[in-house]
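Everything below concerns the one structure shown next.
For clarity, every value in this text was computed on a predicted model and none was experimentally measured. Atom set for the values below is all heavy atoms of this structure, side chains included, hydrogens, waters and symmetry mates excluded.
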Amino acid sequence: MNAQLNPGATGSNVVGAFQLLIGGKLVPGASTFDVINPATETVLASCPRADVAQANQAVAAAKAAFPAWSAKPLAERAALLNKLADAIEARMPELARILTQEQGKPLGGAMFELTVAAGNIRGFAAMSLTDKVLVDDAQSKVIAQRLPLGVVAAITPWNFPVIMMVTKLAPALLAGNTVVVKPAPTTPLATLKVGELCAGIFPAGVVNVIADVNDLGGVLTSHPDVAKIAFTGSTATGRKVMASAATTLKRLTLELGGNDAAIVLDDVNPQEIAPKLFFAAMVNSGQVCLAAKRVYVPEKIYDAVCAELAKIAEGAAVGNGLDEGVMFGPVQNRMQFEKVQAIIEDARAQGKVIAGGKPHQGKGFFIHPTVVSGLPDSARLVCEEQFGPVMPVLKYSSLDEVIERANASEYGLGGTVWSASTDRAVEVAKRLNTGTVWINKHLDLPPTIPWRHEAVGLRRGVGPAGPGGIHAAEGHQHRQVRWAAAMAALTSFRDTRRGPFRSLRLRNGPAPAA
């Protein structure tokens, strides 16, 4: 039987079946598991659970669909992606309620996530995959092309389930790959519904969606017929993914942990900057890899900024995301809830909690936005990734000091600099060992902008010219060179894992050896 949404869940008026998508067919799982509403701690739905055989079936279906899908013209693949964006928007009210109840975010935040997801699909679909002429002279012409890899396994997190799904799905499909999606087991429902939409849009096997209880990741990451893994999640799990993928030399896109520093310069107005800092740290209840997780403020405005942040935090409305006026929902799951609570208690012992931090009474994984001052850099809240609605505000004396402290972290995903002078802020940004730095803004994430990475905060293949010039869709391809006498250029692009590549003679000269 099909897994169902519990119609008795608090505030729910959505009832529907949830099924896996394998080989173009919506099918039940081998078994089921419960999905918990983090606002009520009650069972929201019984979700279909794939077993190893179904995971293998999904990969086999994607592999079988690959030749025909990769042969489709780019414009046709893009057109089907745009149909998916349209379908998500058409079902947005239903999808948003499911997303709020499984993830916890307020209904407005769920609508925003779906809006961004549809917009990102369209942004990726508008990209072109053009050949690049490396050499074109009287003796030779060398053209670099990128061709699809094959089956891509997309493993997605629980903080932005739909956005992170389509950010992996859309560029992979545009590039000509087929996909197996595996959502986080605490937030699989909206993803399964998007899979249902995919079933009516894409040819059978092009998109497959399975759900598990974190027991099928290894099947995908080590599967010989999976060419690439696109993973977003914790750093610890990312290391396991990389180790597993190494056995078959798979391509990897890893977006892992972050402990992003926000550096405030001494020329800002505390009243104007505080709301922006608060958003940067607390959006989605702080459950964002790129959230501002360490806020550094100069001595002369430190107390004023702390006071403004505390005022904003104390006025924040926390509750069930389906309730009107709620600004912050619960932390998504019990494990994360307990981790964040432990970090708050450690911070309370070493610094001063100036807002929030109160124990929650009743059901739900609720943590009121919490602001902590006076912490040493050794505190867990400073040196770990809290991934929750808790922000440390740290005092500094000089720019050299704060840059050294900001860089003293294994993380380096993103960061922000805040100043009345853009030139000053840019000079500070240049000195940060951080993949992406925003100036006087935060989380500006159009699909056309490249991402980079440093250290643990690893993110590849997003944007038109990611690390090493990798396009979002190109990150899901392997490069081939059409030969024309220039053997040195040719050899540098050889993909040894995939063996011989095709050649195209564009000038006179001997053909290269296979």
Next on the checklist: Apply side chain to side chain contact (heavy atoms under 4.5 Å, CB included) to residues F365 and R334 and explain how you reach the verdict.
Outcome noted: CA-CA 7 Å; F365 306 136; R334 177 172 292 281; 3.6 Å; yes
Next on the checklist: side-chain hydrogen bond (donor to acceptor under 3.5 Å, both in side chains), that's the test. Do T253 and K228 meet it? Break it down for me.
Outcome noted: CA-CA 8 Å; T253 296; K228 175 174 178 175; 2.7 Å; yes
Next on the checklist: Could you walk me through whether T370 and K358 satisfy the side-chain hydrogen bond (donor to acceptor under 3.5 Å, both in side chains) test, starting with their C-alpha distance in whole Å, then the side-chain angles of each, then the deciding distance to 0.1 Å, before giving a yes or no?
Outcome noted: CA-CA 9 Å; T370 301; K358 305 177 185 69; over 6 Å; no
Next on the checklist: Set out, in order, the CA-CA distance, both residues' side-chain angles and the distance that settles side-chain hydrogen bond (donor to acceptor under 3.5 Å, both in side chains) for T186 and E102, then state yes or no.
Outcome noted: CA-CA 7 Å; T186 57; E102 66 175 338; over 6 Å; no
Item to check | side chain to side chain contact (heavy atoms under 4.5 Å, CB included) between F366 and V331, intermediate numbers included | outcome: CA-CA 6 Å; F366 295 102; V331 172; over 6 Å; no
Next on the checklist: Between L443 and V283, is the side chain to side chain contact (heavy atoms under 4.5 Å, CB included) condition met? List the steps.
Outcome noted: CA-CA 10 Å; L443 289 181; V283 61; 3.6 Å; yes
Item to check | Chi angles and distances behind the side chain to side chain contact (heavy atoms under 4.5 Å, CB included) call for T416, V437 | outcome: CA-CA 5 Å; T416 55; V437 182; 5.8 Å; no
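Within the 4.5 Å cutoff, the side chain of E314 has no heavy atoms near those of the P369 side chain. With contacts defined as side-chain heavy-atom distances shorter than 4.5 Å, the pair N37/T40 qualifies. With a 4.5 Å cut-off on side-chain heavy atoms, S285 and Q332 do not count as touching. Within the 4.5 Å cutoff, side-chain heavy atoms of L394 are placed close to those of R405. Using a 4.5 Å heavy-atom cutoff, the side chains of T178 and V152 are not in contact. Between I367 and H360 the shortest side-chain heavy-atom distance does not fall below 4.5 Å. Put simply, the side chain of V393 reaches to within 4.5 Å of the side chain of Y302, judged on heavy atoms. The shortest side-chain heavy-atom distance between L413 and C289 falls under the 4.5 Å cut-off.
Looking at T237, its side chain never comes within 3.5 Å of a backbone N or O of G233 through a donor-acceptor pair. A distance-only check finds a donor-acceptor pair linking the side chain of K250 to the backbone of V226 [under 3.5 Å]. With K293 contributing its side chain and P392 its backbone, the two residues share no donor-acceptor pair below 3.5 Å. The backbone N or O of Y411 sits nowhere less than 3.5 Å from a side-chain atom of N433 that would complete a donor-acceptor pair. Judged purely by atom type and a 3.5 angstrom limit, H223 has no side-chain atom pairing as donor or acceptor with the backbone of G218. Not a single donor-acceptor pair under 3.5 Å links the side chain of S244 to the backbone N or O of K240. Without hydrogens or angle criteria, N320 side chain to L322 main chain gives a donor-acceptor distance under 3.5 Å. With hydrogens and angles disregarded, a donor-acceptor distance shorter than 3.5 Å links the side chain of E113 to the backbone of I163. Under a 3.5 Å cut-off, the side chain of E255 and the backbone N or O of T232 do not form any donor-acceptor pair. Not a single donor-acceptor pair under 3.5 Å links the side chain of Q386 to the backbone N or O of I343.
Using a cut-off of 4.0 Å between Lys/Arg side-chain N and Asp/Glu carboxylate O, E384 and R294 are scored as not salt-bridged. Between R122 and E89, at least one side-chain nitrogen of the basic residue sits less than 4.0 Å from a carboxylate oxygen of the acidic one, meeting the salt-bridge criterion. Remark: E345 does not engage R380 in a salt bridge, criterion side-chain N to carboxylate O under 4.0 Å. Salt-bridge formation is not detected for the pair D212/R49: no Lys NZ or Arg NE/NH1/NH2 atom is positioned less than 4.0 Å from an Asp or Glu carboxylate oxygen.
Geometrically, K193 engages F18 in a cation-pi contact defined by less than 6.0 Å to the ring centre and at most 45° from the axis.
N208 contributes atom CG, which lies 7.0 Å from atom CD1 of I22 (distance to the nearest 0.5 angstrom). Note that OG1 of T191 is 10.0 Å distant from CG of L95, once rounded to the nearest 0.5 Å. Distance check: C306 SG to K311 NZ gives 13.0 Å after rounding to the nearest 0.5 Å. Separation of atoms SG (C383) and CG (N259) is listed at 8.0 Å; rounding is to 0.5 Å. For the atom pair CG of D444 and CD1 of I439, the computed distance is 12.5 Å after rounding to the nearest 0.5 Å. Distance check, rounded to the nearest 0.5 Å: CG of N159 to CD of Q287 gives 7.0 Å.
Around atom CZ of F112, no more than 12 heavy atoms belonging to other residues, nucleotides or ligands sit under 6.0 Å away. A 6.0 Å sphere centred on CD of E338 holds more than 12 heavy atoms belonging to other residues, nucleotides or ligands.
Here the closest non-hydrogen pair linking L149 and N177 is N-OD1, 2.7 Å. Shown here for I344 and G357, the closest heavy-atom pair between the two residues is CG2-CA, 4.3 Å. Closest of all the heavy-atom pairs between L252 and A245 is CD2-CB, 3.8 Å. Residues V213 and P185 share a closest heavy-atom pair of CA-CB, 3.8 Å. Across all non-hydrogen atoms, the minimal contact from Q350 to S378 is OE1-OG, 4.2 Å. Here the closest heavy-atom approach between residue V166 and residue P171 is recorded as O-CD, 3.7 Å.
Each of L173, L21, V179 was evaluated against F202; a single residue qualifies, L173, per the side chain to side chain contact (heavy atoms under 4.5 Å, CB included) test.
W418 and Y296 have their aromatic ring centers separated by at least 6.0 angstrom.
The aromatic rings of F278 and F328 sit perpendicular to each other, their planes meeting at more than 60°, with 30° as the lower class boundary.
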